[in-house]
Enquirer: 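Would you mind keeping the following structure in view while I ask a few things?
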Amino acid sequence: MSTKTTQSFHEGAYVSLMRGLRELDLRGPCVPSDLVLMDHAFPLAMNSRGQVLMAASLYGRGRIVVLGHEGYLTTFPALVENALTWLRGDGSDNLSVGVHKNIKAVADNISKSSFQAKVVGAFSDSLGLGVYVTDAYSVGADVKDLVAFLKAGGGVLIAGQAWKWAASHPKENTLLQFAGNKVSGVAGIYFSKHQGEVECLPVYPQIPSSWMALCVGQEFEEDLEFLLQGVSEFYNKFAINQSCLEKYYLLYIFCRVEMFYCYICFSGNKILNKMGLSVLVTINKTGSYKPSQDKKDTNHFRHLLGRFAAHITQGEELTKHDWEQLNSLTPNFLNMKAYDSYSYTQVLSFFTDVLKKSGMPQVSEKNPVKSPKGRLLLSLGAAVYNTSPDPDALLPFLIKDIPLMIRINTNTAGVIEWISTGLYLSPGMKTKIIVPANIVNKSWTIQIGCQTDILKADELKRAPSVCERFPVTTEKMQVSNLWGGLIYLLAPPNTKVEEAEVIVQMAVLAPYYKSGVTTAADWSKLRTAPSPWAELEFDNIILTVPSAVVRDLKRIDEVAVLWNDIMKGIADLAVIPHKFARKERIVADVQISAGLMHSGYPVMIHTESANELVRPGDARTKGLWGETHELGHNQQRTCWEFPPHTTECTCNLWSVYVHEEVLGLNREKAHSSMTLTKRKRRVDEYVKGGKKLSDWTIWVALETYLQLQGKFGWDAFKKVFAAYHKITNYPSDNDGKMNLYAVTFSQAVGMNLTGFFKAWGWPIDRATEKKLSNLPPWSDHPMV
């Protein structure tokens, strides 16, 4: 498994095994064994001394759960039932559980669940079991079969303690000879001869860990004694390599020689590293080396880590030799990348926490590092960063000043334009931004945050104002925002800048896509960038959404095609160039200042609508009425608008046009108010009500324009809007503007439409009628 896959499996398994449990009260007559973990094993219960009292692991295709005392099999029935469910494996429907006769009471509890318990005298593959439950003392002749059962995909729940057995077998190796270890040991879990201290342990939401566990470790003097039988000396004829073990540094213990650089490219290390073992390159003198006579080696790496942990947490002093050993051994250990080993990931997690709390010295010529701790943190920073499963999250704790350079190009029309940087500033974080001298004191602004709505509501879902702006008055600006936010440069109207370099000293990368710049390979990495806000910049629109919306967005090219097509449709109906003078913006927010959405720069929508912006398939079948309605608002022009009658009406021309001409969606399906039945009813009610302009609003007013479109088509509207682009002098009152519209539309289609508009109650005057009298009348219009 990959690093994240292994960790994810462990975390999921832990959640399953501890489901519904709030605490494990171990206080009582049961004195458990401290368990030693290796390989895939991970703890389920750990006391305050870092001793593991319950654990789980994998072996082959099977699963195993180990409890540090057989009494726990009846003390914690809910845990046992969880264990049986997990041990049975995903997708298995085998509910048969074998229970050794020596723990028959467990079978009575199991029978109360959905599982079917069978009490047996010994394990047998012929029983057809899904899970086998036994104490650690009753596995004897059936060890081989039980291990084969486990490897083939079976589940084993085993419980017991080895300290009493070890006391009565002082000359035997507990890890190798204790019966239970012959089964659990294959999965990297060993009953040790050490008693575990009992407490009432809370059940944590994540796998338990403790720096104390770094100093708790099984002593391997028995193994050492066994390996050194008959060995009086080691003779080195040539310069030799040494082996570094996470479990215990074998030759290091034997010979007390120094270790140097880890030779990672050695192919054998690909196998050895998975076992916490690495072959190192050393420069050793030839000669004879005597085995160590010490029963306990204080230079064992875990002892060293324990002392370092005590130094970090309790201020205990370390010797010069300790610091030297830590500097030498720590990078080598981390470079093993033995992610399948709980011991390895535990140490990696510990070092990650150390760096997050202590930080890494910001070394430079003016700030040299002299202390042993500072030197260790420097080497530790690089080693942990290179092996961390989430290096981006660790980076801000390592490098305090991360200069990020961006180039900006802009050629603004008569309005202010936001220039995206693709960077995010965390809440309260300060950063320095260095800008070119030629934009200082030229009405440029730095903006932190994209949600510019100021809220005035009785119930707030965010602070009333979360956007900060800073006029650019000097080349070096320090900025921050309590609420954090995306970083923008606001370019003033009528400004042209090319390839201007802006440096941001410290910021967080955002998932930022820009058409024509960001490649598919770039996006595959950027979409996981740590900023909580993402921006997608297409040809004529920029979408700002929560990053969760884009994390799994692989086919961003399809989203780009959708929005490029929509914006071309917007431009076509408005009769403006396909390249907008300023790209539109849509920004999502948890709460906005008005309505479900509202127009402006940017268009604001609620975060729950953000997902629909990036789903091309849904857009072409369900539509995007709200968004196109707001973009239509941004195309409305005072010269042909008659507020308040058409404020929420003519913007819908763009909604209808885009849905029919771009998305291929019939107007009746585009919005529930666009059905023929509802449209006819509105017209009838308007006529019966006396055709009063006070009633000519929103959907009723839209009918006037849709009747025109039904007769003359969309091209007629394009001619009208094109004509208005050339009109510079127009009336300021609605009556005057409505007469101008009647003239403009009539001339565009070559037909006198005054009768049609009068039938709708428009105040058409005699001058307009006289002006259009030379055109043929539209005598069969729908309002006759």
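Note that the structure is a prediction, hence the values are computed from the model and not measured.
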Enquirer: Evaluate the side-chain proximity of Val504 to Lys432: yes if any heavy-atom separation is below 4.5 Å, no if none is.
Expert: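 No; the side chains remain at least 4.5 Å from each other.
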
Enquirer: Spell out, as yes or no, whether a donor-acceptor pair under 3.5 Å connects the side chain of Asn564 to the backbone of Asp539.
Expert: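 Side chain of Asn564 to backbone of Asp539, a donor-acceptor pair under 3.5 Å: yes, one is there.
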
Enquirer: Anything under 30° is parallel, anything over 60° is perpendicular, the rest tilted; go ahead and classify Trp762 against Phe642.
Expert: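 Judged by the thresholds at 30° and 60°, the geometry between Trp762 and Phe642 is perpendicular.
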
Enquirer: Could you check whether Arg679 and Gln707, counting side-chain N and O atoms only, form a donor-acceptor pair closer than 3.5 Å?
Expert: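 Looking only at side-chain atoms, Arg679 and Gln707 do not form any donor-acceptor pair under 3.5 Å.
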
Enquirer: Given the rule in the side chain to side chain donor-acceptor pair (under 3.5 Å) test, do Asp453 and His598 qualify, once you have shown the distances and angles that lead to the verdict?
Expert: CA-CA 10 Å; Asp453 271 5; His598 71 71; 2.7 Å; yes

Enquirer: Is there side-chain contact between Glu668 and Leu676, with at least one heavy-atom pair below 4.5 Å?
Expert: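 Yes, at least one pair of side-chain atoms sits under 4.5 Å.
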
Enquirer: Do Lys442 and Val497 make a side-chain contact, defined as non-hydrogen atoms from C-beta onward lying under 4.5 Å apart?
Expert: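 The answer is no, as the side chains (C-beta and beyond) never meet within the 4.5 Å cut-off.
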
Enquirer: Does CD1 in Ile727 sit with more than 12 non-hydrogen atoms of other residues, nucleotides or ligands closer than 6.0 Å?
Expert: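 Atom CD1 in Ile727 is packed in, count exceeds 12.
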
Enquirer: For Glu660 and Asn666, which I'm curious about, is there any donor-acceptor pair between the side chains at under 3.5 Å?
Expert: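 Checked: Glu660/Asn666 side chains show no N/O donor-acceptor pair below 3.5 Å.
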
Enquirer: I want to check something: taking the side chain as every heavy atom from C-beta on, are Leu631 and Gln635 in contact at a cut-off of under 4.5 Å?
Expert: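 Side-chain contact under 4.5 Å: no.
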
Enquirer: So with a 6.0 Å cut-off around CG of Asp552, is the heavy-atom count from everything else above 12?
Expert: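 For Asp552, atom CG is not crowded (no more than 12 foreign heavy atoms under 6.0 Å).
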
Enquirer: Taking everything shown except Trp483 itself, do over 12 heavy atoms lie less than 6.0 Å from its CH2?
Expert: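 Not buried by this count: 12 neighbours or fewer within 6.0 Å.
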
Enquirer: Should Asn652 and Trp699 count as side-chain neighbours, where that means a heavy-atom distance under 4.5 Å?
Expert: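 Yes - at least one pair of side-chain heavy atoms lies under 4.5 Å apart.
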
Enquirer: Check step by step if ring pair (Phe, Tyr, Trp, His ring centres under 6.0 Å) holds for Tyr730 and Trp640.
Expert: CA-CA 9 Å; Tyr730 55 88; Trp640 48 259; over 10 Å; no

Enquirer: For the residue pair Thr495 / Trp444, report whether a side-chain donor-acceptor contact shorter than 3.5 Å exists.
Expert: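 The criterion, which ignores hydrogens and geometry beyond distance, is not satisfied for Thr495 and Trp444.
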
Enquirer: Which pair of non-hydrogen atoms, one from Asn409 and one from Glu498, has the smallest distance, and what is that distance?
Expert: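 Smallest heavy-atom distance, with atoms named: OD1-CA, 3.3 Å.
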
Enquirer: Which heavy atom of Pro436 sits nearest to which heavy atom of Val440, and what is that distance?
Expert: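 That closest heavy-atom pairing would be O-CG2, 3.7 Å.
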
Enquirer: Okay, side chain of Ser388, backbone of Tyr385: is any donor-acceptor separation there less than 3.5 Å?
Expert: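 Flag not set: sc Ser388 to bb Tyr385 has no pair under 3.5 Å.
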
Enquirer: Would you say that more than 12 heavy atoms from the other residues, nucleotides or ligands in this model lie under 6.0 Å from the CG of Leu482, or not?
Expert: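 Counting other residues, nucleotides and ligands, CG of Leu482 exceeds 12 neighbours.
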
Enquirer: What I'd like to find out is whether the side chain of Val683 reaches to under 4.5 Å of the side chain of Trp760, using heavy atoms alone.
Expert: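 A side-chain contact under 4.5 Å exists here.
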
Enquirer: Check Tyr424 against Ser426 and note the closest heavy-atom contact, atom names and distance.
Expert: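 Result for this residue pair: CE2-CA, 3.6 Å.
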
Enquirer: Just checking Lys737: does its NZ atom have more than 12 heavy atoms from other residues, nucleotides or ligands closer to it than 6.0 angstrom?
Expert: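 More than 12 within 6.0 Å, yes.
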
Enquirer: Do you know the tightest heavy-atom contact between Ser673 and Arg682?
Expert: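 Of all heavy-atom pairs spanning Ser673 and Arg682, the closest is O-NH2, 2.7 Å.
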
Enquirer: How about Lys718 and Tyr657: does a side-chain donor come under 3.5 Å of a side-chain acceptor?
Expert: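 Looking only at side-chain atoms, Tyr657 and Lys718 do form a donor-acceptor pair, the distance falling under 3.5 Å.
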
Enquirer: May I ask you to check whether Thr646 and Glu641 show a side-chain donor-acceptor distance below 3.5 Å?
Expert: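 Yes, side-chain donor-acceptor contact under 3.5 Å.
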
Enquirer: Within the distance-only criterion (no hydrogens, no angle test), does the side chain of Ser547 pair as donor or acceptor with the backbone N or O of Ser531 below 3.5 angstrom?
Expert: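 Judged by distance alone, yes, a pair lies under 3.5 Å.
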
Enquirer: Between Leu489 and Ile408, is there a side-chain heavy-atom distance shorter than 4.5 Å?
Expert: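 Side-chain contact under 4.5 Å: yes.
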
Enquirer: Can you give the donor-acceptor pairs under 3.5 Å from side chains of residues 466-478 to other protein atoms, not counting sequence neighbours?
Expert:
from	atom 1	to	atom 2	distance (Å)
Arg469	NE	Gln447	OE1	2.7
Arg469	NH2	Gln447	OE1	2.9

Enquirer: Which atom names give the shortest non-hydrogen contact between Leu455 and Ser593, and what distance separates them?
Expert: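 Shortest heavy-atom contact: CD2-N, 3.8 Å.
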
Enquirer: For residues 577-592, which side-chain N or O atoms pair as donor and acceptor with protein atoms under 3.5 Å away, sequence neighbours left out?
Expert:
from	atom 1	to	atom 2	distance (Å)
His578	NE2	Asp572	OD1	2.6
Arg582	NH1	Ile416	O	2.4
Lys583	NZ	Glu537	OE2	3.0
Lys583	NZ	Phe538	O	3.0
Glu584	OE1	Asn634	ND2	3.0
Glu584	OE2	Asn634	ND2	3.4
Arg585	NE	Tyr601	OH	3.2
Arg585	NH1	Glu535	OE2	3.2
Arg585	NH2	Trp418	O	3.1
Arg585	NH2	Ser420	OG	2.9
Asp589	OD1	Arg462	NE	3.4
Asp589	OD2	Arg462	NE	2.8
Asp589	OD2	Arg462	NH2	3.0
Gln591	OE1	Lys461	N	2.6
Gln591	NE2	Glu459	O	2.9

Enquirer: In terms of relative ring orientation, are Phe717 and Tyr705 parallel, tilted or perpendicular, with 30° and 60° separating the classes?
Expert: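 Ring orientation of Phe717 relative to Tyr705: tilted.
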
Enquirer: List, one per line, each side-chain donor-acceptor pair under 3.5 Å for residues 608-626, sequence neighbours excluded.
Expert:
from	atom 1	to	atom 2	distance (Å)
Thr621	OG1	Gly617	O	3.0
Thr621	OG1	Asp618	O	3.3

Enquirer: If I compare all heavy atoms of Asn494 with all of Thr412, which pair ends up nearest, and what's the gap?
Expert: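 Smallest heavy-atom distance, with atoms named: N-OG1, 2.9 Å.
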
